[in-house]
Structure formats: structure tokens, C-alpha cells
Amino acid sequence: DPVRFISNPSSGKMGFAVATAAENRGAEVVLVAGPTRLFDPANIQTIRVVSAREMAGAVFDHFEAADIIIKTAAVSDYSPPEIADHKIKKGAEEMDIVFQKNIDILRTLGGRKRPDQFLVGFAAETRDLRENACKKLVEKNLDMIVGNLVGNPDSGFSADTNRVTLFYPNREREPLEVMEKTAVANLLLDRILERLS
Ligand code: PMT
């Protein structure tokens, strides 16, 4: 309803760090951002969206022209199909909210990807990081997935630092130490450029 929403604690820090690191290296960057308190980074075309559907539209609009696509966003898998026009009033002891599956933006991109494009996903997991991340890598036809163990204060949602493992289709993997999200972003770009060359 107009005064309440269902979301997650993503701050946008990881995504903005990747966008800024790429811009610093001379890339022309389009940043599609969900709700965050962060300001638009300098020299980056930033498109603000609220819903998964809006994010899908903006990402699809820019996909064809992109060489490298990095999806750090924690997109909701489900959302309520209807938003109440007015505040929902307290009534019965229990209340049900029906959720519908959202479009999986990354999986759609994986199906449309050209051989010259490099597609990177993130996977936020609370357990079985390797198994869950590798499943997404294959199912979404990715060139790399960044497995992100969440649940500790120094990693994942809202933290300034992150602990990630990079996984590749050839089963190679690279676990990284806890480091600033800006450092994760730069290392990620190093690895992508190595693979592209
Ligand atoms: O924003 P921060 O506070 O800095 O936090 C960073 C982060 C924890 C959000 C980030 O590092 C991270 O791990 N992002 C992935 C979050 C996630 O929820 O992943 P997932 O396992 O649900 O999704 C897997 C991949 O599919 C992701 O690349 C996601 O963008 C994509 N996806 C998911 C659902 C959906 N409907 N469409 C998608 O494209």
C-alpha cells in the first residue's frame, strides 16, 4: 500500500561500486538502480527503478548495446500483483498476501546473450554457496557468478565490505578475502577483462 512495502536490505553499495570502478577505467556505464540512498555517481547514466518489472524494462532496453552486463541487484523473486491505492486498515487477526513470480531478468538475458557479450550474476546465499551459485551459473547461462555468503556483518547486504567467491563455467573458482566493495568491484573487472582477452 502507499505507506508499506516488502523489500530486502540491499543498499546498492556493491552495484554502485562496480559501476564507478568501470567508469574509472573508461567504460561507458549504464547503471540501473533500485531504491537506494546513494546519489547518482558522476559521469554515469543512472536509471532509477522501483519494481522488478521496471528494472527488467530498463535492463532489456540497454542489453543489446552492452559488452559486459553485471547483475548485482537483489531482485525480488515474487511480488504482490496488486498495490492498494490507500493504506490497508487493520481488521482480521490474520491476513494473506498473494505473491506472483517475477520475471527473472538475468535468466532472460542468459537466453538472449550473444557470444561477444559477457554476463555476470551474483548469488546471495546463506548456505551451500558453491552448489547454489553453480546451479545459477548453469541455469542462467552466465560467464561468471559472484557467490556472496550473507549473514555476517562484514559481508553482503548493506556492509561496506564483502566476502565473495568467483565461479566460472569451467568449474574454476576463486575465493576472495573480505575486502572493501570497491576492491571487490575492481578485482571482478580485472577477472572479466582477463577472460575477455
Ligand atoms: O546492495 P548491497 O547492500 O551492497 O548488497 C550487495 C548484495 C548482497 C545485494 C550483492 O552482493 C548480491 O549478492 N547480489 C545478489 C543478490 C541476490 O539476491 O541474488 P539471487 O541469488 O536472488 O539472484 C541471482 C541473480 O539473479 C542475481 O544476479 C540477480 O540480480 C538475478 N535476478 C534474481 C531475481 C530476478 N527476479 N531477476 C534477476 O535478474
Side-chain angles (χ1 to χ4, degrees), residues 6-21 31-39 41 46-63 66 68-81 99-113 117-167 175-176 178-189 192:
I6 295 166
S7 189
N8 61 54
S10 174
S11 63
K13 287 177 189 171
M14 191 65 246
F16 278 54
V18 171
T20 304
L31 171 62
V32 180
T36 157
R37 289 173 181 273
L38 302 177
F39 293 111
T46 305
I47 302 169
R48 301 279 179 172
V49 298
V50 173
S51 65
R53 193 182 309 172
E54 284 172 15
M55 178 168 280
V59 170
F60 295 157
D61 281 351
H62 291 87
F63 176 65
I68 301 170
I69 304 97
I70 305 173
K71 287 263 343 354
T72 64
V75 189
S76 302
D77 292 322
Y78 293 87
S79 58
F99 286 82
Q100 258 178 8
K101 212 170 191 177
N102 282 334
I103 181 170
D104 189 322
I105 305 166
L106 188 58
R107 184 188 284 260
T108 309
L109 298 182
R112 295 182 187 173
K113 187 178 65 159
Q117 289 178 309
F118 199 93
L119 185 59
V120 181
F122 271 64
E125 305 293 343
T126 55
R127 62 179 176 180
D128 303 329
L129 182 69
R130 182 179 191 164
E131 191 187 330
N132 288 321
C134 290
K135 191 161 178 271
K136 288 173 187 171
L137 178 76
V138 173
E139 287 180 356
K140 303 192 186 198
N141 191 28
L142 309 177
D143 299 295
M144 181 198 287
I145 193 158
V146 182
N148 199 168
L149 208 51
V150 296
N152 288 326
D154 63 358
S155 179
F157 293 106
S158 298
D160 290 329
T161 53
N162 216 354
R163 180 196 296 272
V164 304
T165 301
L166 311 182
F167 297 93
L176 304 179
V178 175
M179 55 179 90
E180 297 280 333
K181 283 180 174 168
T182 49
V184 173
N186 273 300
L187 211 137
L188 187 59
L189 294 178
I192 294 170

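Counting starts at 1 for both ligands and their atoms, in listed order.
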Is the count of non-hydrogen atoms from other residues, nucleotides or ligands lying under 6.0 Å from Tyr78 atom OH greater than 12?
-> no
Side-chain contact, heavy-atom cut-off 4.5 Å: Leu106 with Phe122?
-> no
Out of Arg163, Arg130, Lys135, Lys136, which one pairs with Glu125 under the salt bridge (Lys or Arg N to Asp or Glu O under 4.0 Å) rule?
-> Lys136
Residue pairs fulfilling salt bridge (charged side-chain N to carboxylate O under 4.0 Å, His left out) with at least one residue in residues 48-62, sequence neighbours excluded = Asp40-Arg48
Within the heavy-atom cut-off of under 4.0 Å, ligand 1 is lined by Ser10, Ser11, Gly12, Lys13, Met14, Lys71, Thr72, Ala73, Ala74, Val75, Ser76, Asp77, Ile103, Asp104, Ile105, Leu106, Gly121, Phe122, Ala123, Ala124, Lys136, Lys140, Asn148, Gly156, Phe157, Ser158, Asn162, Lys181
Sorted by chain and residue number, the side chain to side chain donor-acceptor pair (under 3.5 Å) partners of Lys71 (sequence neighbours excluded) come out as none
Residues in side-chain contact (heavy atoms from CB on, under 4.5 Å) with Thr165, at least two apart?
-> Leu129, Phe167, Arg173, Pro175
